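Structure first, then comments.
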Amino acid sequence: MHETVLRKKIVLGVTGSIAAYKSAELIRRMKELGADVRVVMTKAACQFITPLTLQTLSGQPVAIELLDADQESAMGHIKLARWADWIVIAPASANTIARLAHGRADDLLSSLCLASESPLAVAPAMNNKMWANEATQANLDTLMRRGVYVLGPASGDQACGEQGEGRLLEPMAIIVQLAQLMMPLKLQGKKVVISAGPTYEPIDPVRFIGNRSSGKMGFAVAKAAKEAGANVVLIAGPVHLTTPQGVERINVETAAQMHEQVMASVASADIFIASAAVADFRPLSVADNKIKKTQTDNLQLELVPTIDIVSDVAKLERVPFIVGFAAETDHVADYAKTKLHTKKLDMIAANQVGEGLGFAVDNNALDVFWSQGSQTLPLANKTQLARDLMTLIIERFYAKNSTQST
Ligand code: PMT
C-alpha cells in the first residue's frame, strides 16, 4: 500500500472494549501510511489501555475530558471537530454506537462526533449476542442511514469465551477499508444504474411467482457506487430496505416494469449493474379474480419467458459498461462465463446460491469474470463485498475506456 494512502487528519476514537489494545497497532499503521492522528478516549477505554501508550504512539496528547480547561485550551472539542478530515472509532463499543445513534453529547467523543461534519467510520467490537441484539442493529441502521461507515465486525473467538460475530477487525483490515473509503471519488460525474431485488410475476390479484432475493446485495452495490461519487439510480423490485443516502430509487414489481424503467434510465448511464434476480418466466395470462381452489384439481399455469433486460441494454446504440450477476447452484464459474458471452456483458459477478447462501443472508462471496481475467472476492458482509466489487468495476471501466479512446 502506498505510504501516503491515508494522508489525512484523523481523530481516532477509542472506546471501552477489550479490543482497545488493537488501537495501538492501528495508530502505528495509520501513521506509517501518512495520517496525522489525534486520539480521543472514553473513560471506559482508559480501563483497557493507558492514554500514555496511545500518546506515545500518536506523538500527540490524548484527549479524554469534555470539561477540562487545559485540554479545551489546547484543542477543544469544536476545534478538534473542525480539524478532523475523518473520525474513526475503533473499537466502537455497543454503548458508544447507541449513544451516537441517539445524538448524545455527554462526553468528549460523542460531542466531537455531533459537532463534526467530517465522515465518520465505526469499527464495532462487542460480544456476539450484544451485536445480534435488535437494539444494536437498529442503532447501526440509524447510523448507516445518516451516512456513517461501519467497518466489520469480524467473526470468530471472542474474549468472553464465546464464538461469533462481533470481533474488532484486525488493524490492517480496518486500514484497507479506510483506504478504499478515502480514495478520491473515482465515479464523480458518472451515472450508474443498478437493478436490485426480485421481481414478482402475478398469477391472479393475490398470488405471484417470485424468488428469494432480498435486495441486500444490490442495495449495497448502490451504496458503494454512491460512496465512489456516482449519480446512482436504483431500480428496486419489491423489497423492504432503506434507500442508501443520496441514491435515486425507482420501485417496480414485475420484470416488464423493471425492463421499462431500466431502459428509460440507462440511455444516459456510464455503468449498468444488473444485480436483480429477475424472473425468467411469467404466467402467460393473469386471472382477473382470485383463482378458487374448487375450480380445478390440478392447476396448470402456462409460463412464457420474460424480456432479458441486461441483454437488451447490451443492444443499445450507446452501450454503458455492463456488469451482470449470475446466481447458480452448481457449475457456477462455467455458467457465469457462458452468460458473460451470450449476454454480451463486460463483467459478471457469480455467486453460489442455495440453503443459506447468496439470497437474503448478510454475507456473500463472488467470483468475478471479464474477458481477460477473473478475481475472487472472498466471503464478507455485503456492504464490504460491494465496495470490493466496485473497486474492481471502476478499474475495468477505466481500462475499457482507455483502450477505446486510444
Ligand atoms: O438480493 P439478495 O438477497 O442480497 O441476493 C443477492 C443475489 C443472489 C440475488 C445477487 O447476488 C444475484 O446473484 N443476482 C442475480 C440473480 C440472477 O437473476 O441471476 P441469473 O443468473 O438468473 O441472471 C443473470 C443476469 O441476467 C443477472 O444480471 C440478471 O439481473 C439478468 N437478467 C435475468 C433475467 C432477465 N429476464 N433479465 C435480466 O436482466
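As the structure lists them, so they are numbered: ligands from 1, and atoms in each ligand from 1. As the structure is a computational prediction, the values presented were derived from the model and not from experiment.
- Between V353 and ligand 1, no pair of N/O atoms sits closer than 3.5 Å.
- Ligand 1 has no atom lying under 4.0 Å from any heavy atom of L366.
- Residue M217 has at least one N or O atom closer than 3.5 Å to an N or O atom of ligand 1.
- An N or O contact shorter than 3.5 Å is missing between A277 and ligand 1 by distance.
- At the top of the distance list for atom 9 (C) of ligand 1, counting protein heavy atoms only, stands F359 CE2, 3.4 Å.
- For ligand 1, the atoms closer than 4.0 angstrom to any heavy atom of I307 are 35 (C), 36 (N), 37 (N).
- Among protein heavy atoms, atom 30 (O) of ligand 1 sits closest to A276 O, 2.7 Å.
- Using a 4.0 angstrom heavy-atom cutoff, H259 does not count as in contact with ligand 1.
- Of all the heavy atoms of K382, the ones lying under 4.0 Å from any atom of ligand 1 belong exclusively to the side chain.
- Annotation for ligand 1: atoms under 4.0 Å from non-hydrogen atoms of S213 are 1 (O), 2 (P), 3 (O), 9 (C).
- The aromatic rings of F321 and F397 sit perpendicular to each other, their planes meeting at more than 60°, with 30° as the lower class boundary.
- The protein non-hydrogen atom at the shortest distance from atom 33 (C) of ligand 1 is K343 NZ, 3.8 Å.
- Of all protein heavy atoms, the one closest to atom 28 (O) of ligand 1 is A274 O, 2.7 Å.
- Under 3.5 Å, the side chains of N128 and Q158 contain a donor-acceptor pair of N or O atoms.
- The neighbour count for R145 CZ, taken as heavy atoms of other residues, nucleotides or ligands under 6.0 Å away, is above 12.
- The backbone of S275, and not its side chain, has at least one atom closer than 4.0 Å to an atom of ligand 1 (non-hydrogen atoms only; backbone = N, CA, C, O).
- Screening I250, V252, I235 for a side chain to side chain contact (heavy atoms under 4.5 Å, CB included) involving Q257 leaves a single residue, V252.
- Each of the following atoms of ligand 1 lies closer than 4.0 Å to a heavy atom of G324: 28 (O).
- Contacts between N351 and ligand 1, counted as non-hydrogen atom pairs separated by less than 4.0 Å, involve the side chain only.
- Nearest non-hydrogen protein atom to atom 5 (O) of ligand 1 is G358 O, 3.4 Å.
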Indicate every side-chain donor-acceptor pair of residues 190-198 with a distance under 3.5 Å to a residue at least two apart or in another chain.
residue, atom, partner, partner atom, Å
K191, NZ, S265, O, 2.8
K191, NZ, S268, OG, 2.8
S195, OG, S275, N, 3.4
S195, OG, A276, N, 3.2

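- Close approach of ligand 1 to T306 (heavy-atom distance below 4.0 Å) involves ligand atoms 36 (N).
- Using a 4.0 Å cutoff on heavy atoms, G215 counts as a contact of ligand 1.
- Against a heavy-atom cut-off of under 4.0 Å, K216 is close to the following atoms of ligand 1: 1 (O), 2 (P), 4 (O).
- Distances shorter than 4.0 angstrom occur between a heavy atom of A326 and an atom of ligand 1.
- In this structure, R82 does not pair ionically with E117, as no charged nitrogen and carboxylate oxygen lie closer than 4.0 Å.
- Residue V122 comes nearest to A92 through the heavy atom pair CB-CB, 4.0 Å, listed as atom of the first residue, atom of the second, then distance.
- Ranking protein heavy atoms by distance to atom 21 (O) of ligand 1, first place goes to K339 NZ, 2.4 Å.
- The backbone N or O of P61 lies less than 3.5 Å from no partner atom in the side chain of Q55, so there is not a single donor-acceptor pair.
- With sequence neighbours left out, the ring-ring contact (aromatic ring centres under 6.0 Å, His included) criterion links F359 to no other residue.
- In summary, the side chains of N363 and N381 do not present any donor paired with an acceptor at a separation below 3.5 Å, with no hydrogens or angles considered.
- T136 and N139 form no side-chain donor-acceptor contact under 3.5 Å, judged by distance and modelled atom types alone.
- Atom 19 (O) of ligand 1 has as its closest protein heavy atom A327 N, 3.4 Å.
- Between the side chains of Q180 and D388, at least one donor N or O sits under 3.5 Å from an acceptor N or O.
- Taking the charged nitrogens against the carboxylate oxygens, R99 and D107 do have a contact shorter than 4.0 Å, which makes a salt bridge.
- By the 4.0 Å N-to-carboxylate-O rule, K339 lies close enough to E328 to be salt-bridged with it.
- For atom 24 (C) of ligand 1, the closest non-hydrogen atom on the protein side is F325 O, 2.9 Å.
- Under 4.0 angstrom from ligand 1, the non-hydrogen atoms of D280 all belong to its side chain.
- The shortest N or O to N or O distance between V310 and ligand 1 is below 3.5 Å.
- Judged purely by distance below 3.5 Å, without hydrogens or angles, the side chains of T199 and E201 pair a donor atom with an acceptor atom.
- In the vicinity of A360, heavy-atom distances shorter than 4.0 Å reach the ligand 1 atoms 2 (P), 3 (O).
- Ligand 1 has no nitrogen or oxygen under 3.5 angstrom from a nitrogen or oxygen of S195.
- Backbone and side-chain nitrogen or oxygen atoms of G197 are examined, and none is located within less than 3.5 angstrom of a nitrogen or oxygen of ligand 1.
- When each of V11, V88, L143, I87 is tested with L120 by the rule side chain to side chain contact (heavy atoms under 4.5 Å, CB included), just one qualifies, namely I87.
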